[in-house]
Amino acid sequence: YSPLPGMAEYAASKAFVISWSSALWHELRGKCDVVTFSPSGTNTSFQKGAGVKDSAKLLSPETVANKIYDAVGYRRPFVFVGLKNHLIIYLLNLLPLRLNTMVWGFLFRKLR
């Protein structure tokens, strides 16, 4: 949902998935449900490999799996998990893109 300095390829792949699944949701509505599932950070080996310092504060993989299972019945095109995720996405999308990018750059320097 935002550029992530230091993780540009990751952010680009997420942007692709969001755009693609949104288009599929529209094209297939009435025939098939498409859900874009967006959890907060999840405590996996990916986080450790990305250099996240304190992954203990992240969601457990079991919690995310249960939320994905629940999301299938929601019939909404987007499902966000985690209050922090909701707030960050909402607030940062109110900012101009350049400022949004600078904020994410600052946040990621603090995490790594």
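Reckoned from all heavy atoms, side chains included, excluding hydrogens, waters and symmetry mates. Note that the structure is a prediction, hence the values are computed from the model and not measured.
Other residues sharing a hydrophobic cluster with L91 under the 4.5 Å side-chain heavy-atom criterion for ILVMFWY residues are Y90, L94. With a 4.5 Å cut-off between side-chain heavy atoms of Ile, Leu, Val, Met, Phe, Trp and Tyr, the cluster of V79 takes in V35, F37, L59, V64, I68, Y74, V81. As a member of the Ile/Leu/Val/Met/Phe/Trp/Tyr network built from side-chain separations under 4.5 Å, V72 groups with nothing else and remains a singleton.
Applying the side chain to side chain donor-acceptor pair (under 3.5 Å) criterion to S19, with sequence neighbours excluded, gives no partner residue. Here W25 pairs with nothing under the side chain to side chain donor-acceptor pair (under 3.5 Å) rule; sequence neighbours left out. Residues satisfying the salt bridge (Lys or Arg N to Asp or Glu O under 4.0 Å) criterion with D70, sequence neighbours excluded, are absent altogether. Taking N66 as the reference, nothing meets the side chain to side chain donor-acceptor pair (under 3.5 Å) condition, with sequence neighbours excluded.
Between P3 and N100 the shortest heavy-atom distance is CD-OD1, 4.4 Å.
Counting only residues at least two apart or on different chains, the side-chain hydrogen bond (donor to acceptor under 3.5 Å, both in side chains) pairs with a member in residues 26-41 are Y1-S38, S21-T36, H26-R29, D33-R75.
Under the 3.5 Å distance criterion, the side-chain polar atoms of T42 are left unmatched by any main-chain donor or acceptor of T44.
Under the 4.5 Å side-chain heavy-atom criterion for Ile, Leu, Val, Met, Phe, Trp and Tyr, F46 and W104 are members of the same hydrophobic cluster. Cluster membership for F80 and Y69, using ILVMFWY side-chain heavy atoms within less than 4.5 angstrom, is not shared. Cluster membership check: L4 shares its hydrophobic cluster with L95, using side-chain heavy-atom separations under 4.5 Å among Ile, Leu, Val, Met, Phe, Trp and Tyr.
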N/O donor to acceptor pairs below 3.5 angstrom from side-chain atoms of residues 7-14, sequence neighbours left out:
unit_1	atom_1	unit_2	atom_2	d
S13	OG	Y10	O	2.7

